[in-house]
Structure formats: C-alpha cells, structure tokens
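Encoded as structure tokens, the structure appears first; notes follow it.
Numbered from 1 within each chain, the chains take letters A, B, ... in sequence-line order.
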2 protein chains.
Amino acid sequence: MDIDMIEISKALSNETRLNILKWLRSPEENFPPQGGCLSEPVDLKGGVCVSSIQAKANLSPSTVSNYLDTLQRAGLLLSERHGKWTYYRRNEETLGCLAEYIKTEL
Amino acid sequence: MDIDMIEISKALSNETRLNILKWLRSPEENFPPQGGCLSEPVDLKGGVCVSSIQAKANLSPSTVSNYLDTLQRAGLLLSERHGKWTYYRRNEETLGCLAEYIKTEL
DNA sequence: TTTACATATTGGCAATTCCCGAAATGTGTG
DNA sequence: CACACATTTCGGGAATTGCCAATATGTAAA
C-alpha cells in the first residue's frame, strides 16, 4: 500500500470533503437508510449514495460528485455501483496507513 | 491542543514542504552543522536555518521563507531566532496529535 | 554609522482549485 | 423505444496557491 501524501493532503484540505469522511464513519447516524429502492437486497458495507451525501453537504450534485471522486482517487473512499446508485464508503485501509505514515515517516 | 486539519492539509499538500518536514527529522543527516557562526553556543534543538533549507530545496529564498511560515502557521514547525538566523525545527507535539486525530476522529 | 548578510514581506503572473449550471452517460421502468 | 432519475463530465468565472524578483527589515561586524 503506497500513500500518495500530496493527493491525500489535497483531498483533505477542504471542509466539505473532511466532513464527508467523518460522516461516513457512522452512516446510520448521519444518513437515511440506504438501498431501500434496490430490487434485490445487497450488502452495501456502510456505503451511502451520492444524493444522500449531497443533501447533507448542501452543495450541487456535480460538486459533491467531484468531491467524492477526489476522495476516491486519493484512495480515501471506495465506491460500488448498484443499479442507478453509486454507494461510497470509507477505505479504512488507506486511512490506517495514513495515520501510520504520519507517525513513522512524516 | 487543537488541530486545524484544513490548514495542516494545505501545508502538507506541496512536495517541497513535505520534504522539509522529512528532512528535519534528521537535521544532522540532511544539513550542514548549524550555529557555527553564532557568537555564543546555543542549544538549537535540531533547528536548521533558512539558508541551509533553501540550499537543499533549490528554490528561491522568498519561496522557502514562505513555505516555512506556512508550516509554522499550521503548527508543524517551531522557529527560534538567534542573531541573524532563524532556526526551524519540527513541532513533534502537533505531529503526534495529527496522527492521533487521523486515527480517532477522521 | 556604514556595510553586509539572513530573513521576511510585497507585488504580480501563471497555474490550480472551488463551485456551479449545462450537457452527457448509465440504468431501470413503462 | 421513450422516459425519468442518479450520477458523471464539461466549460467557465471567481478565488486561491506556486513561485519568483524586488524591496524591506533585522542584526552583527567594520
């Protein structure tokens, strides 16, 4: 697992993106139940769809979509598409490596 | 100790600033001996003067001075002036808090 | 005080980021 | 197929950052 510290830092240097990461720590506390419209039940692994995140962030859909993409390209989020919806969740592996990196290499 | 995650992330989202932080982990390995021109011996606590950092970073003095200021305002560096020289060193307290913050709050 | 040197501050242009609306794409439904 | 809806991509104006040269400030030595 290699940490691109610059990409990650850029991704983290925006309040909304930081909040999205924090909200996704407890999806059930911060977002309505997910996956209710899916035809088949799927394990969403705590993932939340873009529109739920957009409603909470109070920014335009395109901005939120861009932010989620930024976080994903930095390796901080994972996404999974089910039907019309894309569910984003935290990538705990990268977040763990990040804390470790800061402690041991930065 | 409060972490301003946005300021810190902005400070870390530049390769040279990241390198400066890493170089300052082992000043004696990365920079010439410091404080040799001072009239009285002082404990520099591993601090390195701007010109030594500038020589290694290979950027203009004003850019490096700005970068050091950015890192200090984010709480990542400490500075101490002795004579004509300003010696910068890592602020390990903030760096420790940062790793802790990422692990427990981000 | 004059000079030299270390550093900090200022001004400015190029590049990047922020955030949006508009348009495009993907996907299930009638 | 046509339509509605979720999301992504595109284009652009405002704000911020990157980096420099020029200038200003602080400090020690001549």
Side-chain angles (χ1 to χ4, degrees), chain A residues 4 6-20 31-42 44 47-74 77-89, chain B residues 4 6-20 31-42 44 47-74 77-89:
Chain A
D4 184 341
I6 295 188
E7 277 313 301
I8 289 178
S9 299
K10 286 182 182 176
L12 295 180
S13 59
N14 170 283
E15 176 139 42
T16 302
R17 288 192 296 261
L18 227 33
N19 282 333
I20 291 172
F31 301 100
Q34 299 290 307
C37 298
L38 290 173
S39 48
E40 299 176 37
V42 184
L44 299 176
V48 176
C49 71
V50 179
S51 14
S52 293
I53 298 172
Q54 187 256 318
K56 183 144 182 132
N58 209 26
L59 290 169
S60 75
S62 61
T63 298
V64 172
S65 181
N66 260 308
Y67 282 0
L68 293 168
D69 186 53
T70 298
L71 287 165
Q72 181 169 34
R73 273 179 296 131
L77 292 185
L78 295 169
S79 73
E80 224 167 280
R81 181 130 199 176
H82 292 285
K84 300 196 274 192
W85 296 271
T86 308
Y87 296 89
Y88 285 90
R89 62 181 192 274
Chain B
D4 184 340
I6 295 187
E7 278 313 300
I8 290 178
S9 299
K10 286 183 182 175
L12 296 180
S13 58
N14 170 283
E15 176 141 41
T16 302
R17 288 192 297 261
L18 226 35
N19 282 333
I20 290 173
F31 301 99
Q34 299 290 307
C37 299
L38 290 173
S39 47
E40 300 174 38
V42 184
L44 298 177
V48 176
C49 71
V50 179
S51 13
S52 292
I53 298 172
Q54 187 256 317
K56 183 143 183 134
N58 209 26
L59 289 169
S60 75
S62 62
T63 298
V64 173
S65 181
N66 260 307
Y67 282 0
L68 293 168
D69 186 52
T70 298
L71 288 165
Q72 181 170 33
R73 271 179 296 130
L77 291 184
L78 295 169
S79 73
E80 223 168 281
R81 180 131 200 177
H82 292 285
K84 299 196 276 193
W85 297 270
T86 307
Y87 296 90
Y88 285 90
R89 63 181 192 275

task: Select base, sugar-phosphate, or nothing to describe what B/Ser65 touches, counting heavy atoms under 4.0 Å on all strands.
output: base
message: Holding to side-chain contact (heavy atoms from CB on, under 4.5 Å), I want the full list of residues that pass it with A/Ser9, two or more places apart in sequence or in another chain.
response: A/Met5, B/Leu12, B/Ser13
Distance check needed: [N] [atom2] versus [X] [atom1], whole Å only.
X: B/Gln34; N: C/dA6; atom1: CD; atom2: P; answer: 12 Å
X: A/Glu15; N: C/dT17; atom1: CD; atom2: P; answer: 19 Å
X: B/Leu71; N: D/dG18; atom1: CG; atom2: C1'; answer: 14 Å
X: A/Leu59; N: D/dT7; atom1: CG; atom2: P; answer: 15 Å
X: A/Leu12; N: C/dC18; atom1: CG; atom2: P; answer: 12 Å
X: B/Asp69; N: D/dT17; atom1: CG; atom2: C1'; answer: 14 Å
X: B/Arg73; N: D/dT16; atom1: CZ; atom2: C1'; answer: 13 Å
X: A/Trp85; N: D/dT8; atom1: CH2; atom2: P; answer: 14 Å

query: Which residue, B/Thr63 or A/Val64, contacts DNA chain C at a nucleotide closer to its 5' end, judged by nearest heavy atom?
result: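 Result: B/Thr63.
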task: Would you mind telling me which residue lines up with the more 5' stretch of DNA chain C, A/Lys10 or A/Pro61, judged by nearest nucleotide?
output: A/Lys10
Under 4.0 angstrom between [X] side-chain N/O and [N] OP1 or OP2:
X: B/Asn14; N: D/dG18; answer: yes
X: B/Ser51; N: C/dT7; answer: yes
X: B/Tyr88; N: C/dA6; answer: no
X: A/Asn66; N: D/dT8; answer: no

Over all heavy atoms of both residues, which pair between [X] and [Y] is shortest? Give the atoms and the distance, please.
X: B/Ala74; Y: B/Ile8; result: O-CG1, 3.5 Å
X: A/Gly47; Y: A/Tyr87; result: O-CD2, 3.7 Å
X: A/Cys37; Y: A/Trp85; result: CB-CH2, 3.6 Å

- request: Please name the residue in the list B/Glu80, B/His82, B/Arg89 that meets the side chain to side chain contact (heavy atoms under 4.5 Å, CB included) test with B/Leu44.
  value: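 With B/Leu44 as partner, side chain to side chain contact (heavy atoms under 4.5 Å, CB included) holds for just one option, B/His82.
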query: Listed by chain and number, what are the salt bridge (Lys or Arg N to Asp or Glu O under 4.0 Å) partners of B/Arg81, not counting sequence neighbours?
result: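 For B/Arg81, no residue satisfies salt bridge (Lys or Arg N to Asp or Glu O under 4.0 Å) once neighbours in sequence are set aside.
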field: Donor-acceptor contact below 3.5 Å, side chain B/Gln54 vs main chain B/Leu59
entry: yes
query: How does protein reach along nucleotides 22-30 of chain C, written 5' to 3' as B (base within reach of a heavy atom under 4.0 Å), S (only sugar-phosphate), or - (no contact)?
result: B----BS--
